[in-house]
Amino acid sequence: MINDKLKVESRVRRLIHYIEDIEKGILQIPAFQRDFVWDKKNKIDLFDSLSEGYPIGSILLWKPDESYGEGLMIGPYTIPQKEDNYFYILDGFQRLSTLFGCLINPDKTTLQINRSLWEKEFQICYDLKKEEFFLPRSKNLEPYQIPVYKLMDTRASYTFQRNLQDMYYSDDDINLYLDRYEKLGSTLIDFTLPSIDITGGTIEKAVDIFSRLNSKGSIISPDWIVSARTYNRQDDFRLGTLIDELLVDLKKYNFEGIKRELVLQCIQSSFGKLYLDVSIEEVLQEINFTQQTRKTLLSIRKAVKFLFEELSVVYSKLLPASIQLVFLTEFFNLVSEPTRKQLDDMKKWFWITTYSNYFTIYSPSKRKEAFTHFQLYCNREYLDPVYYDRPGGRFSAPDLPEKITYGGVRANAYVLFLLNYANDFQPIDSEEVEGIRIFNLFGFKSRPENIVPLLVYVDPFDKNNKIPKFKTSSLESWLGRGESYPRFFIGPEAEDFDILSDKEVDTLLDNRASAISLAEQAFVESLEINYNDEWSYNF
């Protein structure tokens, strides 16, 4: 039941009214709100939707009983602060920041503007000739290329018409451009946007309503809810911003693409129980939530660095199971200064949990037991971090799929094995290795043994030469011709690739598959995992 002091209303208003309210300071950004993160594509997509008259979702506004601090910037503008009678933007911040930043005339507003930020991020224009939105790379625009804020100004259309006439455009072109100008301008001016307005209540109640209202609509980031509920004005603790900063740091290891929910699961699990066994509401009650969260974010950085350097997991999509990051983060939470023996234990644990499909064959209850066992190992109460639900039991490796699909556990195990085998299972330096490149021996074959994954090393003479990950190409352009590469399971026949018949190609790949399988079998069985394989060919 809704508290008597809390009132919920809905209304529909024109877009221009939202912009006016922001400019007057009537709409504010709570200090716990995530920073603006939309990129160019997000902004262009939003304006494409507006131009088509498509709905862009509702806005959630909240008038609190007490202040939660205000953010000063919306888009490139510093907005005025009000002591009372204002609403916080709870949902719709990215959309309203984009619209406000792009549709306010920077030459007419009295607001302070970050001009360089506006030119770089918010100077969205519309090309009346191509009928598309774009962000200009230079200040030189064609007369038919109009900044979108001018479309909201009816007087600007007269200046636009004169410019076309001065440039001696034909009457047909002038009429065409004017027609498109006026239609798009009217669409923007008349565009309506619904809002749900909450008045009064606590932040917990407002967020609860937010969650319920959006349960079948836009996806709410769980870390946003945690940010709202844990915002601390004293130390400016904003979880959403801290996760943004973490993902920027992880870009060095090509892990910026991990899900924010996974980061939150690492945090939940850092309070003693696996995230499956503890709700976010429970951990929010912990007195040391802020301190433990900061520690865990640091441990995630350590865990990702470990995966990259010790196991050649040089790309987030190569991580066989996301839950492995949760366990490794807990390891670095509990073991501040790991020994070489402990790091080697973690490497073995990683390979065993990968090749056994550990987190798939174990039920949720078994995963919880495995996590507790893992914690006891970290506290030096067990010698082995791997949990076996049956004494004397032995895992089995699943068969390799006929086609490698990145993201599958067994497929990733195969790619990681080839990467590590080629490097003699030695650590790599994240300052020297940039990522991964997958080569095809024969472009027309999709068999697993056709691929050759290689580490991409940073060119010290060309720091800006970024090589795309998972891009396929001819192997000879990378390694050269006429050599034998046993660490890649490639023999002297490499120099004859161009003249091999289809039958010879299949024979070569069969032989390579046999060689890889035998080497992988030896490795897997060294982990005390069963490896069922029928190959008998010796490379």
Side-chain angles (χ1 to χ4, degrees), residues 11-24 27 38-59 74-77 92-109 111 113 118-195 218:
R11 53 179 171 162
V12 177
R13 295 188 297 159
R14 295 167 70 192
L15 174 59
I16 189 67
H17 293 146
Y18 288 92
I19 293 173
E20 291 172 350
D21 282 353
I22 294 175
E23 192 170 18
K24 295 173 183 177
L27 297 184
W38 268 19
D39 58 17
K40 172 185 172 182
K41 183 179 184 303
N42 295 136
K43 300 187 189 85
I44 297 298
D45 287 347
L46 178 63
F47 276 98
D48 282 336
S49 295
L50 288 177
S51 68
E52 296 291 340
Y54 297 157
I56 60 172
S58 61
I59 304 297
I74 295 186
Y77 296 99
F93 171 53
Q94 307 293 326
R95 285 168 286 161
L96 287 181
S97 291
T98 298
L99 296 171
F100 184 75
C102 296
L103 294 177
I104 281 286
N105 189 328
D107 299 320
K108 292 185 178 182
T109 183
L111 298 180
I113 179 175
W118 177 80
E119 291 177 351
K120 181 180 179 181
E121 301 287 346
F122 295 92
Q123 193 185 4
I124 300 291
C125 296
Y126 187 72
D127 190 311
L128 294 162
K129 184 177 182 179
K130 296 180 179 179
E131 295 188 276
E132 63 183 21
F133 294 95
F134 68 100
L135 194 60
R137 297 182 180 180
S138 70
K139 296 181 180 180
N140 298 321
L141 296 175
E142 297 293 338
Y144 51 79
Q145 295 175 327
I146 307 297
V148 290
Y149 66 82
K150 291 188 176 181
L151 296 170
M152 301 283 283
D153 185 350
T154 54
R155 295 182 180 180
S157 63
Y158 300 110
T159 303
F160 170 68
Q161 183 175 2
R162 286 199 303 270
N163 289 340
L164 292 177
Q165 292 170 341
D166 292 343
M167 295 298 293
Y168 299 105
Y169 281 88
S170 69
D171 289 341
D172 288 342
D173 284 340
I174 292 175
N175 290 332
L176 176 64
Y177 296 151
L178 275 174
D179 181 60
R180 291 175 178 174
Y181 184 108
E182 292 172 358
K183 284 183 178 178
L184 181 55
S186 297
T187 298
L188 295 177
I189 292 171
D190 295 333
F191 193 87
T192 58
L193 190 59
S195 71
S218 61

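- With rounding to the nearest 0.5 Å, the separation of CD1 in Ile19 from CD1 in Ile74 is 11.0 Å.
- The distance from the CD atom of Gln94 to the NZ atom of Lys43 is 9.5 Å, given to the nearest 0.5 Å.
- A distance of 11.5 Å separates CG in Leu151 from SG in Cys102, rounded to the nearest 0.5 Å.
- Looking at Ile124 and Ile44, their side chains come closer than 4.5 Å, going by heavy atoms from C-beta outward.
- Residue pairs meeting the salt bridge (Lys or Arg N to Asp or Glu O under 4.0 Å) criterion with at least one partner in residues 173-182, sequence neighbours excluded, are Glu131-Arg180, Asp179-Lys183.
- Between Pro76 and Phe122, the closest heavy-atom pair is CD-CD1, 3.7 Å.
- Note that the OH atom of Tyr126 and the CD atom of Gln145 stand 12.0 Å from one another [nearest 0.5 Å].
- A pairwise comparison of heavy atoms in Pro106 and Ile113 identifies CB-CD1, 3.7 Å as the closest pair.
- Using a 4.5 Å cut-off on side-chain heavy atoms (C-beta onward), Ile104 and Glu23 make contact.
- Counting heavy atoms from C-beta on, the side chains of Ile189 and Met152 come closer than 4.5 Å.
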Quick one: side chains of residues 46-54, donor-acceptor pairs under 3.5 Å with protein atoms, not counting sequence neighbours, listed by atom name and distance.
residue : atom : partner : partner atom : Å
Ser49   : OG   : Asp45   : O            : 3.2
Ser51   : OG   : Phe47   : O            : 3.4
Ser51   : OG   : Asp48   : O            : 2.7

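- In this structure the side chain of Ile22 reaches within 4.5 angstrom of the side chain of Leu96, judged on heavy atoms.
- Counting only distance, with no hydrogens or angles, the side chain of Arg13 and the backbone of Tyr18 share no donor-acceptor pair below 3.5 Å.
- Classification of the Phe100-Tyr77 ring pair by plane angle, with boundaries at 30° and 60°, yields perpendicular.
- The line from SG of Cys125 to CD1 of Ile146 is 8.0 Å long, rounded to the nearest 0.5 Å.
- Proximity of Leu103 to Leu15: side-chain heavy atoms (C-beta onward) are separated by under 4.5 Å at one or more points.
- At a threshold of 4.5 Å between non-hydrogen side-chain atoms, the residues Asp107 and Tyr149 count as touching.
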Test log, rule side chain to side chain contact (heavy atoms under 4.5 Å, CB included), inputs Trp38 and Arg95: CA-CA 9 Å; Trp38 268 19; Arg95 285 168 286 161; 3.6 Å; yes

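- Between the CG atom of Asp21 and the CD1 atom of Ile16 there is a distance of 10.5 Å, given to the nearest 0.5 Å.
- Between Pro136 and Gln123 the shortest heavy-atom distance is CD-O, 3.0 Å.
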